Amino acid sequence: MSTLQIRDLQVSVKLPDGARKPILAGVTLTVRAGETHAIMGPNGSGKSTLAYSVAGHPRYEITGGEVVLDGEDVLAMSVDERARAGMFLAMQYPVEVPGVSVANFLRTAKTAVDGEAPKLRTWAGELRGAMERLHMDPAMAQRNVNEGFSGGEKKRHEIVQMELLRPKVAILDETDSGLDVDALRVVSEGVNRVRDTGETGLLLITHYTRILRYIKPDFVHVFVAGRIVEEGGPELADKLEAEGYERYTAAAAARD
Ligand SMILES: Nc1ncnc2c1ncn2[C@@H]1O[C@H](COP(=O)(O)OP(=O)(O)O)[C@@H](O)[C@H]1O
Ligand SMILES: [Mg+2]
């Protein structure tokens with residue numbers, strides 16, 4: 001059973017003029033396989049920065065702390081090595097990959113992560129099944145990744161990837177944003193299928209509470225101004241729904 005440990009993680013973003021802007025002010029979080037953690041916070045609090053830093057985006061500079069997956073130092077790994085170690089990031093804004101079809105992209109990703117090509121005999125069926133479960137038109141397999149996809153299609157493609165790659169830890173950055181209620185349900189069912197395998201730890205980053213009606217978190221972490229300011233169970237999400245983030249943002253402003 002896998003465990004991701006984030007300890008006192010401090011991160012600055014590199015600005016185009018070479019300056020550094022501190023964003024994460026010491027984040028500590030442990031995610032075990034089978035657990036679902038919701039990170040909830042207002043816009044600009046650093047949620048995507050946390051996701052990108054753990055995934056290894058070069059724009060973010062780690063200035064302190066550590067990230068460890070099953071005893072291995074994640075911060076010492078390249079982005080590819082992180083993926084092979086079992087880390088998966090569904091981006092808030094999935095990028096287009098011109099000239100690469102969905103089918104080729106997924107096969108290449110699966111080959112890279114597993115260290116060997118998936119069996120030709122079974123792969124086509126697996127791909128078709130995963131797309132069907134996410135209500136993606138099979139014809140989309142031949143389209144270029146994310147090119148001309150609607151917001152909902154991009155998010156469903158991310159979940160298809162997650163189901164096929166079977167990561168140890170998956171970070172889903174605002175996978176609910178921009179989805180209508182039907183797409184939200186289909187995407188949530190996909191996330192729940194992965195959760196129910198018990199083999200993946202989920203870090204669900206979200207601004208709104210509505211996805212948590214479909215995906216029940218075991219733990220909720222309130223994230224404000226680059227740090228976790230409160231932690232609890234699913235009841236904390238209900239409290240946020242009712243009260244919003246203002247109480248926390250006011251406290252953070254007073255502290256700074
Ligand atoms: N590449 C960047 N250049 C400048 N500022 C950035 C960059 N990335 C993030 N930031 C800043 O860091 C803060 C946190 O951003 P982000 O992690 O995207 O927050 P969230 O995902 O919670 O909305 C914001 O103030 C944002 O403007
Ligand atoms: Mg974000």
Side-chain angles (χ1 to χ4, degrees), residues 4 6 8-29 31 36-65 67 74-75 79 82 87-96 146 151-152 154-155 157-159 161-162 169-179 183-184 187-188 191 202-212 215 217 219-231 236-237 240-241 243-256:
L4 178 75
I6 302 172
D8 196 26
L9 189 66
Q10 296 158 49
V11 174
S12 293
V13 63
K14 296 176 197 163
L15 302 176
D17 64 3
R20 302 279 195 277
K21 178 180 168 188
I23 310 286
L24 299 188
V27 176
T28 297
L29 188 64
V31 180
T36 302
H37 293 250
I39 295 207
M40 309 197 55
N43 283 325
S45 55
K47 304 184 299 298
S48 292
T49 299
L50 175 64
Y52 279 130
S53 305
V54 172
H57 194 297
R59 196 188 297 138
Y60 300 90
E61 183 182 35
I62 314 296
T63 55
V67 179
V74 171
L75 298 178
V79 173
R82 291 179 206 211
M87 317 251 316
F88 177 83
L89 170 65
M91 287 187 285
Q92 183 171 0
Y93 303 106
V95 290
E96 295 182 2
N146 289 325
K154 287 180 185 172
K155 297 301 169 98
H157 175 241
E158 298 278 296
I159 304 305
Q161 270 178 63
M162 177 169 71
V169 182
I171 304 176
L172 308 181
D173 192 1
E174 307 232 3
T175 295
D176 50 342
S177 67
L179 296 184
L184 181 63
V187 159
S188 300
V191 174
L202 287 166
L203 199 54
L204 206 66
I205 295 177
T206 181
H207 175 73
Y208 298 108
T209 53
R210 62 175 197 155
I211 195 172
L212 305 181
I215 304 170
F219 305 95
V220 173
H221 312 268
V222 184
F223 199 82
V224 174
R227 50 163 69 87
I228 292 169
V229 295
E230 189 169 350
E231 298 179 288
L236 185 51
L240 287 168
E241 168 99 56
E243 298 175 6
Y245 295 114
E246 201 175 331
R247 190 160 64 82
Y248 300 104
T249 51
R255 195 178 50 225
D256 290 341

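Note that the numbering runs from 1 along the sequence shown for the chain. For ligands, and for the atoms within them, numbers begin at 1 and follow the listed sequence. Nothing here was measured: the structure is a model prediction, and the numbers come from that model.
For ligand 1, the atoms closer than 4.0 angstrom to any heavy atom of Asn43 are 23 (O). With ligand atoms numbered from 1 in the order given, ligand 1 contributes 22 (O) to contacts under 4.0 Å with heavy atoms of Pro42.
At distances below 3.5 Å, not a single donor-acceptor pair connects side-chain atoms of Lys47 with backbone N or O atoms of Ile39.
Among Met40, Lys21, Arg59, the residue whose heavy atom sits closest to atom 26 (C) of ligand 1 is Lys21. The option from Ile39, Leu24, Thr49 that lies nearest to atom 15 (O) of ligand 1, judged by heavy atoms, is Thr49. The heavy atom nearest to atom 11 (C) of ligand 1, considering only Val11, Ile23, Leu15, is found in Ile23.
The CG atom of Leu29 lies 9.0 Å from the CZ atom of Phe223; values are rounded to the nearest 0.5 Å. Distance CG/Leu50 to OH/Tyr60: 11.0 Å, rounded to 0.5 Å.
Within the 4.5 Å cutoff, no side-chain heavy atoms of Ser48 are placed close to those of Ile205.
Not a single heavy atom of Phe223 lies less than 4.0 angstrom from ligand 1. For the ligand labelled ligand 1, residue Pro16 lies outside the 4.0 Å heavy-atom shell.
For the side-chain contact (heavy atoms from CB on, under 4.5 Å) test with Leu236, the passing option among Met40, Glu230, His221 is Glu230; the others fail. Among Thr175, Asp176, Asp173, the one residue that satisfies the side chain to side chain donor-acceptor pair (under 3.5 Å) test with Thr206 is Asp176. When each of Val67, Val11, Ile228 is checked for a side-chain contact (heavy atoms from CB on, under 4.5 Å) with Val27, only Ile228 meets the rule.
Looking at Thr28 and Asp8, their side chains never bring a donor and an acceptor atom within 3.5 Å of each other. Side-chain contact, Ser12 with Glu61: no donor N or O sits under 3.5 Å from an acceptor N or O.
What sits closest to atom 19 (O) of ligand 1 on the protein, heavy atoms only, is Gly46 N, 3.2 Å. Closest to atom 7 (C) of ligand 1, if we only count protein heavy atoms, is Val13 CG2, 3.5 Å. Ser48 CB, 3.7 Å is the protein heavy atom nearest to atom 18 (O) of ligand 1. The closest protein non-hydrogen atom to atom 8 (N) of ligand 1 is Tyr60 OH, 3.4 Å.
At the Mg ion (ligand 2), the vertex angle linking OE1 of Gln92 with OG of Ser48 is 80° (nearest 10 degrees).
Polar contact with ligand 1: present for Lys47 (N/O pair, distance under 3.5 Å). Between Gly44 and ligand 1, at least one pair of N/O atoms sits closer than 3.5 Å. Between Ser45 and ligand 1, at least one N/O pair is under 3.5 Å apart.
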Item to check | Test log, rule salt bridge (charged side-chain N to carboxylate O under 4.0 Å, His left out), inputs Arg247 and Glu243 | outcome: CA-CA 8 Å; Arg247 190 160 64 82; Glu243 298 175 6; 3.5 Å; yes
Checklist entry - Thr63 and Gln10: side chain to side chain donor-acceptor pair (under 3.5 Å), yes or no, with the steps? => result CA-CA 5 Å; Thr63 55; Gln10 296 158 49; 4.6 Å; no
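Heavy atoms of Asp173 found under 4.0 angstrom from ligand 1: none, in either backbone or side chain.
At a cut-off of 2.8 Å, Thr49 does not coordinate the Mg ion (ligand 2) through any N, O or S atom.
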